[in-house]
Amino acid sequence: PPRSTLFPYTTLFRSFGTGGKVTTDFGGSYDEGYRVTTAGSGLVVLGSTSLGTGLVRYDSDGNLDTGFGTGGRTAFESPFFLYQYNLSATSDGKLWIAGYVYNAATGNDFAVARYNAGGTLDTDFGAAGVVVVDFGNLRDDVASALVADSQDRLLAVGRSYDPVAGVSQIALARLDETGTLDNAFDADGLVKSQFADITYTTHDYGYAIASLGAEHVVLASTGNGPQFLRYAADGSLDTTFGQNGHVGLQLPAGFNLQYGLAVSDGKLLVPGYVYDNGAGGYDFAVVRYLADGSLDTTFDPDPSVVNAT
């Protein structure tokens, strides 16, 4: 594929850590990083360690931020099951993670926890730092990703499966700063979307979410392939976007999609990997889409920026 559409990132920012790389040891038998987000001028990584769920905060040069946790890191027993190890930060540096919790009366439910900028549970959020969201009717509700909007409200996306109907729907919940469902978002703070206008409607799943101005874009897996969905601030699908609010992804030849999503300058970035026929093995790759969901064929990152030292 042309580099203008599909760009393999194979170089490093040399000023970060040692030659662009940083490793952090929690002191147990294994440590694995799964998600990263910006927080102020630094980075926070969420992962799994032999000591429990781990959070690490680095400054812009890759040094451990000693004001966070103990020496820049904290390990804890997660208050719920982490599905995608998703992570987001508010403008004041607080951190959200999301997943699901099992309740015998309601089945699996969305679960969200908020941590202070220092790495401790924020007890001003929900019940002792945790909020559980039930989409009703003994549904199997699992949160896959989350994002903070411009007002520091939380949007969590995932799936809500109805075992009676055998239908899995894309599910979104919006919480205010206290952890209360936001009634300005589809009246009750909850939205479920299903592709009634295309075939194979039983396997719809929201995997990633990003803010695009006042609206929000979800990257979803459906029975009709990967789709972008765009939601207005009130939770309704933006019917000016694609077909009734959704657009099927155009995937360049050779690109293997990973369900992540970021926004830069109003454009959508989706990660994945490609096979390097010359060197052998796989390389990281990124595809960029315009705000209307179409491929951005002008995408050609400046190598002098990527190779910054």
Side-chain angles (χ1 to χ4, degrees), residues 1-13 20-21 32-38 43 45-46 83-88 144-147 157-159 168 170 193 195 198-201 203-212 215-231 241-243 245-308:
R3 196 178 101 172
S4 61
T5 299
L6 176 60
F7 184 77
Y9 282 89
T10 56
T11 53
L12 299 170
F13 288 91
K21 302 176 184 178
E32 299 175 348
Y34 291 115
R35 287 290 184 272
V36 63
T37 189
T38 55
L43 298 172
V45 174
L46 172 67
Y83 177 59
Q84 293 281 83
Y85 279 85
N86 40 78
L87 174 68
S88 185
S144 301
L146 68 170
V147 68
V157 66
R159 71 103 190 275
S168 179
I170 298 160
S193 297
F195 286 96
I198 58 177
T199 57
Y200 304 108
T201 61
H203 302 292
D204 300 337
Y205 204 130
Y207 274 107
I209 186 170
S211 292
L212 190 63
E215 299 193 323
H216 310 286
V217 176
V218 168
L219 176 57
S221 169
T222 78
N224 204 40
Q227 303 271 334
F228 286 129
L229 297 89
R230 194 164 75 190
Y231 293 87
F241 180 74
Q243 180 183 357
H246 60 84
V247 172
L249 266 70
Q250 299 170 268
L251 297 177
F255 179 75
N256 298 279
L257 174 69
Q258 297 292 292
Y259 281 91
L261 181 63
V263 171
S264 178
D265 295 327
K267 297 179 181 181
L268 307 170
L269 297 166
V270 175
Y273 59 95
V274 294
Y275 185 75
D276 187 335
N277 290 312
Y282 290 94
D283 294 330
F284 289 155
V286 175
V287 177
R288 192 167 73 181
Y289 297 86
L290 300 174
D292 64 3
S294 62
L295 274 173
D296 181 1
T297 57
T298 68
F299 185 42
D300 191 4
D302 182 351
S304 66
V305 174
V306 178
N307 286 299

Item checked: Side-chain touch Phe241/Leu229, heavy atoms, less than 4.5 angstrom -> no

Check: Is the gap between the ring centers of Tyr282 and Tyr273 under 6.0 Å?
Finding: yes

Next item on the list: For Asn86 and Leu46, work out which heavy atoms get closest and say how close.
Entry: O-CD2, 3.4 Å

Notebook entry, point to check: Measuring from Leu268:CG to Leu212:CG, what's the distance to the nearest 0.5 Å?
Noted result: 6.0 Å

Check: Any sub-3.5 Å donor-acceptor pair from Asp296's side-chain atoms to Thr298's backbone N or O?
Finding: yes

Next item on the list: Could you grab the distance from atom CG of Leu290 to atom CG of Leu295, nearest 0.5 Å is fine?
Entry: 8.5 Å

Item checked: Side chains of Tyr259 and Ser221 in contact at under 4.5 Å (non-hydrogen atoms) -> yes

Check: How many angstroms lie between atom OG of Ser294 and atom CG of Leu249, to the nearest 0.5 angstrom?
Finding: 11.0 Å

Note to self: With rounding to the nearest 0.5 angstrom, report the CD to OH distance, Gln227 to Tyr207.
What the structure shows: 14.5 Å

Next item on the list: Report yes or no: does Tyr205 contribute a side-chain atom to a donor-acceptor pair with the main-chain N or O of Ser144 at less than 3.5 Å?
Entry: no

Margin query: With a 4.5 Å cut-off on side-chain heavy atoms, are Val218 and Phe228 touching?
Written below: no

Margin query: Determine whether Leu43 and Thr38 satisfy the following criterion, side chain to side chain contact (heavy atoms under 4.5 Å, CB included), listing intermediate values before the conclusion.
Written below: CA-CA 5 Å; Leu43 298 172; Thr38 55; 3.9 Å; yes

Note to self: Before you tell me yes or no, could you show the steps for Leu261 and Leu269 under side chain to side chain contact (heavy atoms under 4.5 Å, CB included), namely the whole-Å CA-CA distance, both residues' side-chain angles and the distance that decides it to 0.1 Å?
What the structure shows: CA-CA 6 Å; Leu261 181 63; Leu269 297 166; over 6 Å; no

Item checked: Side chains of Ile170 and Val157 in contact at under 4.5 Å (non-hydrogen atoms) -> yes

Next item on the list: Any chance you could lay out the side chain to side chain contact (heavy atoms under 4.5 Å, CB included) test for Val286 and Phe299, step after step, and finish with the verdict?
Entry: CA-CA 10 Å; Val286 175; Phe299 185 42; 4.3 Å; yes

Checklist line | 4.5 Å side-chain heavy-atom contact, Asp204 and Ser193 | finding: no

Note to self: Between Ile209 and Val217, does the side chain to side chain contact (heavy atoms under 4.5 Å, CB included) criterion hold? Intermediate values first, please.
What the structure shows: CA-CA 6 Å; Ile209 186 170; Val217 176; over 6 Å; no

Notebook entry, point to check: What distance do Arg230 atom CZ and Asp292 atom CG have between them, rounded to the nearest 0.5 Å?
Noted result: 8.0 Å

Checklist line | Heavy-atom side-chain proximity of Leu257 to Val270 below 4.5 angstrom | finding: yes

Check: Taking all non-hydrogen atoms of both residues, which atom of Ala285 and which atom of Val274 are closest, and how far apart?
Finding: CB-CG1, 3.9 Å

Margin query: What's the separation between atom OH in Tyr85 and atom CD in Glu32, rounded to the nearest 0.5 Å?
Written below: 8.0 Å

